[in-house]
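It should be emphasised that the depicted structure is a prediction, and the values quoted were computed from it without experimental measurement. Residue numbers start at 1 and run along the sequence shown.
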Amino acid sequence: MERSGAYDKRIDLNCDLGESFGVYRIGADEQMLGIVTSANIACGYHAGDPATMRKTVRLCLERGVAIGAHPGLPDLSGFGRRTMSVSPQEAYDMTLYQIGALYAFVRAEGGTLDHVKPHGALYHMAEADTALAEAIAAAVYRFDPELMLFGLAGGVLVEAGRRIGLRAVRELFADRRYAADGSLVPRDRPDALIADPKEAAAQVLRLVREGRGETVCVHGDTPRAAEFARAVRDALEADGVTVGGIEPDRSM
């Protein structure tokens, strides 16, 4: 993982939200929106549906939470966390399609779309395949070059975004463990997830102090997600860090 060499005193706290669909309810969105500063809203492929997108966008606007699109693989039953064989063109098309779907609700509600963060397997596939990362970055750039692209700190997606001219934001994770090379421990390993909010907060505090990223993710479908988010936010603020959305003039 890369180091910036400086202790950033302002950090964004993001969460994957709007992942309910139909009669199924996933996550504690309203609780999370009282804690986080950015939301990555599911766009209907891995989770979410039109009604959920609309409701989540409205909640974000009411709470003053920045809105991002969270495009994933077309795998509702697998929650977008199963690897699929997709070409760069398919990755471009599905990313662009999902950004457009969420943007329709954001615009209709009078809001602003701020960023894009790929979900689950699509996120990790991009880290392993430069062509996929470049296709995702191209879809974001061609939709709106002013959008930010969230990607794993020190990873391929961030570099692809920067090369094409996007503002690429380095993302850290609160509830996932890291491997020695800075990648995330795969979810199929028993030690992939952090179960203790205090451990999650300590990990985030260490990474932030080392200047590793600009935004921190707490997954909305994690058990006790709101407790994790609160522990992370409290730890950062106790350490003198301002938890807030990414400011337009912030230096990367």
Side-chain angles (χ1 to χ4, degrees), residues 1 7-20 24-42 47-48 52-53 55-70 79 81 111 114-115 117 119-120 123 148 150-153 169-178 184-185 187 190-247 250:
M1 293 173 69
Y7 182 2
D8 198 332
K9 287 291 187 177
R10 183 182 179 92
I11 291 290
D12 177 52
L13 187 58
N14 79 74
C15 183
D16 306 338
L17 297 175
E19 294 180 319
S20 299
Y24 299 97
R25 295 291 172 263
I26 299 173
D29 288 11
E30 292 201 33
Q31 285 180 276
M32 296 299 285
L33 285 170
I35 306 169
V36 301
T37 52
S38 292
N40 320 304
I41 301 178
T52 301
M53 283 191 278
K55 291 173 184 176
T56 309
V57 166
R58 284 184 177 178
L59 281 172
C60 287
L61 294 174
E62 289 171 4
R63 303 291 181 87
V65 173
I67 298 171
H70 198 35
F79 200 63
R81 288 182 174 152
D114 292 303
H115 68 274
K117 173 189 166 180
H119 167 80
Y123 185 102
M148 293 179 285
F150 286 13
L152 183 66
V169 178
R170 299 173 302 160
E171 183 175 39
L172 306 171
F173 286 84
D175 47 17
R176 295 288 304 276
R177 287 198 172 88
Y178 285 89
L184 296 178
V185 173
R187 278 184 176 269
D191 59 341
L193 301 179
I194 294 175
D196 181 359
K198 291 182 180 178
E199 181 183 350
Q203 172 171 281
V204 169
L205 201 55
R206 174 178 58 82
L207 294 172
V208 169
R209 283 174 173 171
E210 293 173 356
R212 306 254 189 176
E214 292 79 41
T215 188
V216 175
C217 174
V218 178
H219 288 95
D221 67 313
T222 298
R224 301 159 65 196
E227 186 179 347
F228 271 78
R230 175 51 65 191
V232 169
R233 180 160 187 159
D234 286 350
L236 288 170
E237 292 179 336
D239 206 51
V241 178
T242 298
V243 178
I246 299 172
E247 297 180 330
R250 248 179 99 191

Here the pair of heavy atoms bringing I26 nearest to S20 is N-OG, 2.8 Å
4.5 Å side-chain heavy-atom contact, I11 and T242: no
For residues S38 and N14, is any side-chain donor paired with an opposing acceptor at under 3.5 Å? no
Pairwise side-chain contact, V243 with E237, heavy-atom cut-off 4.5 Å (strictly under): yes
Looking only at atom types and distance, does a side-chain atom of T56 sit under 3.5 Å from a main-chain N or O of T52, one as donor and one as acceptor? yes
If you look only at pairs with a residue in residues 195-225, which of them pass as a ring pair (Phe, Tyr, Trp, His ring centres under 6.0 Å), with sequence neighbours excluded? F173-H219
Work out which heavy atom in A39 is nearest to a heavy atom in V65; give both atom names and the distance. N-CG1, 3.6 Å
Scanning both residues in full, the closest heavy-atom pair of E19 with A42 reads CG-CB, 3.9 Å
Do R176 and R187 have side chains that get closer than 4.5 Å, going by heavy atoms? yes
Is R224 reaching over with its side chain to a backbone N or O of D196, donor-acceptor style, under 3.5 angstrom? no
For A174 and V232, which heavy atoms make the closest approach, and how far apart are they? CB-CG2, 3.9 Å
Would you confirm whether R177, through its side chain, and D191, through its main-chain N or O, come within 3.5 Å as a donor-acceptor pair? yes
From CA spacing to verdict: side-chain contact (heavy atoms from CB on, under 4.5 Å), T37, R233: CA-CA 10 Å; T37 52; R233 180 160 187 159; 4.0 Å; yes
Evaluate the ring planes of H119 and F79, with Trp represented by its six-membered ring, and classify them as parallel (under 30°), tilted (30 to 60°) or perpendicular (over 60°). perpendicular
Strictly distance-based, threshold 3.5 Å: is any side-chain N or O of T215 a donor or acceptor partner for the main-chain N or O of E171? no
Is there a side-chain contact between R10 and E214 in this structure, where contact means two heavy atoms from C-beta onward sitting under 4.5 Å apart? no
Shortest non-hydrogen contact from L172 toward V208: CD1-CG2, 4.1 Å
Verify the neighbour count for atom CD of Q31: are there more than 12 heavy atoms of other residues, nucleotides or ligands below 6.0 Å? no
Is any NZ, NE, NH1 or NH2 atom of the basic residue among K55 and D29 found under 4.0 Å from an Asp or Glu carboxylate oxygen of the other? no
Is the backbone of L152 close enough, under 3.5 Å, to the side chain of Y123 for a donor and an acceptor to pair up by distance? yes
Rounded at 0.5 Å granularity, tell me how far CZ in F150 sits from CG in D114. 8.0 Å
Heavy atoms, side chains only, cut-off 4.5 Å: are L61 and I67 in contact? yes
Is the closest side-chain heavy-atom distance between D16 and K117 below 4.5 Å? yes
So, the side chain of D239 versus the backbone of V241: is there a donor-acceptor pair under 3.5 Å, distance only? no
Less than 4.5 Å apart, side chain to side chain, heavy atoms only: is that true for V57 and I41? yes
So, the side chain of R170 versus the backbone of R212: is there a donor-acceptor pair under 3.5 Å, distance only? yes
Do L33 and E62 come close enough that some side-chain heavy atom pair is under 4.5 Å? no
